[in-house]
Amino acid sequence: MTHRRTRPTRGWRAAVCATTGGLCNPGPSAAEAHDHDLIDLTRTALPGSHRIAVVSAKGGVGKTTTTACLGLTLAEHRGDRIVALDANPDAGTLADRLTGQSRVTVRDLLNNLDHIRSWADISRYTSLAGRLQVLASEQDPASSEAFHRDEYNAVIALLADYNNVLLTDCGTGLVHSAMDGVLAAADTLVIAGTPTLDGASRASKTMDWLIAHGHRRLVDNAVVALACDRDSRDLDQRGIRDHFRTRARAVVDIPADPHLALGGRITLAELRRDTRHAYLRLAAHVAAQFDHQETP
């Protein structure tokens, strides 16, 4: 793609363009032009709905953070409706990381399914992070009912009637009932891992388990998101990335970021530029599957 006529927004190129009132437009840098290409791909038209599941057999590898930042990035650049569902059966933290509101949960939605007739009805059970709708998980595992496959199917079918992109932040268990529903409904998988011995091993074993249980197509087209806030000089990190590239559609490194390390509410504007770029790449890889494009 060419962006020569696009006004640059960074560095000396933006300064020259602004100073001359646009008469001298050197165009965006190669890096900025690449971001424009990724944004264009992230905005790929989507007929109907598309279900994205963020999975891992191991906790603490950035699965919820990945779901949150992917959802925020898609919502920032797309004009359609996007919702993120926390399907963690053990008091998931997705809503806390995005909106800080988890008093109304998926259990409340399930208890009132028969009364929902519109998008406005659904919005009573979600909170907003920018343009991203967020549906919280049950926050009291001791008193909550099991979130099983049939319930997940009912929720995701309802959400698909009123939303275009549906993200599910899954629990770490691959064998609980809701997870069976997640995998059966998913169009795209994002597999969370880290470039460490345990994080990479668990991500690879997650892929093995999925293939063994009939989900090879999902694995072959998956995007692996590696949270690089933990690493080891004793490991061949390039080898880890190459391993996943042979097994999945793409691999995206998510750099360490102090804003994410806080563990609080996530705001895209607070992320470093290279972190925002990494999540934009992740969003582009996912959106490329809306009509099977290749990612630049």
Side-chain angles (χ1 to χ4, degrees), residues 1-18 22 24-54 65-84 98 128-133 160 163-167 186-191 218 220-226 241 244-245 248-255 257 266-296:
M1 297 182 188
T2 177
H3 301 279
R4 185 67 182 179
R5 295 182 180 179
T6 302
R7 287 200 174 199
T9 62
R10 305 175 191 168
W12 67 265
R13 296 168 181 269
V16 168
C17 192
C24 181
N25 181 5
S29 66
E32 187 174 359
H34 185 233
D35 278 356
H36 286 309
D37 289 342
L38 293 177
I39 290 171
D40 288 344
L41 193 52
T42 299
R43 292 172 174 165
T44 297
L46 173 60
S49 63
H50 194 92
R51 301 165 177 85
I52 304 159
V54 183
T65 300
T66 297
T67 307
C69 291
L70 174 59
L72 289 171
T73 302
L74 288 167
E76 180 179 56
H77 295 294
R78 296 184 59 84
D80 45 11
R81 291 174 178 168
I82 302 173
V83 60
L98 283 168
L128 280 175
R131 293 186 59 257
L132 175 66
Q133 290 190 89
N163 296 273
N164 301 93
V165 181
L166 297 82
L167 293 97
D187 299 302
T188 296
L189 287 186
V190 175
I191 299 173
L218 285 174
D220 290 344
N221 290 296
V223 183
V224 177
L226 296 177
R241 293 178 181 90
F244 286 119
R245 287 190 182 101
R249 176 185 175 97
V251 179
V252 177
D253 286 350
I254 309 297
D257 193 292
I266 298 171
T267 304
L268 286 183
E270 297 295 325
L271 297 176
R272 290 174 171 172
R273 180 179 292 175
D274 59 345
T275 310
R276 294 197 304 272
H277 177 77
Y279 284 116
L280 180 58
R281 285 187 60 224
L282 179 60
H285 279 300
V286 169
Q289 298 192 51
F290 295 169
D291 64 359
H292 309 290
Q293 295 189 52
E294 292 299 322
T295 311

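Taking each heavy atom of Ile254 and Ala278 in turn, the nearest pair found is CD1-CB, 3.9 Å. Annotation for Leu271 and Arg276: closest pair O-NH1, 2.5 Å, computed over non-hydrogen atoms. The minimum heavy-atom distance linking Ala68 with Leu98 is given by the pair CB-CD2, 3.6 Å. Between Thr44 and Phe290, the shortest heavy-atom contact is O-CD1, 3.7 Å. In terms of heavy atoms, Leu70 sits closest to Tyr279 at N-CD2, 4.4 Å. Taking all atoms of both residues into account, the shortest heavy-atom contact from Pro255 to Asp253 is CD-O, 3.5 Å.
With a 4.5 Å cut-off on side-chain heavy atoms, Asn163 and Ile82 do not count as touching. In this structure, the side chains of Ile52 and Leu74 come closer than 4.5 Å at one or more pairs of heavy atoms. The shortest side-chain heavy-atom distance between Thr65 and Ile266 falls under the 4.5 Å cut-off. Taking the side chain as every heavy atom from C-beta outward, Ile191 and Phe244 never approach each other to under 4.5 Å. For the pair Thr188 and Arg51, the minimum side-chain heavy-atom distance is 4.5 Å or more. Taking the side chain as every heavy atom from C-beta outward, Leu128 and Gln133 approach each other to under 4.5 Å. Inter-residue side-chain proximity for Val190 and Val224 is flagged as unmet; no heavy-atom pair is nearer than 4.5 Å. Two residues are said to be in side-chain contact when any heavy atoms from C-beta on lie closer than 4.5 Å; Val83 and Val165 fail this criterion.
A distance-only check finds a donor-acceptor pair linking the side chain of Thr42 to the backbone of Leu38 [under 3.5 Å]. Judged by distance alone, with hydrogens and angles left aside, the side-chain atoms of Arg249 form no donor-acceptor pair with the main-chain N or O of Ala222 at under 3.5 Å. Within the 3.5 Å criterion, the main-chain N or O of Ser49 finds no donor-acceptor partner in the side chain of Asn164.
Leu268 pairs in a side chain to side chain contact (heavy atoms under 4.5 Å, CB included) with only one of the listed residues (Thr73, Leu280, Thr275), which is Thr73.
Remark: the Asp35 side chain and the His277 side chain contain an N/O donor-acceptor pair separated by less than 3.5 Å. In this model, no donor atom of one side chain and acceptor atom of the other lie less than 3.5 Å apart for Gln289 and Asn221.
How far CG of Leu72 is from OG1 of Thr267: 8.0 Å, rounded to the nearest 0.5 Å. Residue Arg241 holds its CZ atom at 7.0 Å from CZ of Arg245, rounded to the nearest 0.5 Å.
Remark: Asp220 engages no residue in a salt bridge (Lys or Arg N to Asp or Glu O under 4.0 Å) (not counting sequence neighbours).
Using a 4.0 Å cut-off between a side-chain N of Lys or Arg and a carboxylate O of Asp or Glu, Arg78 and Asp80 qualify as a salt bridge.
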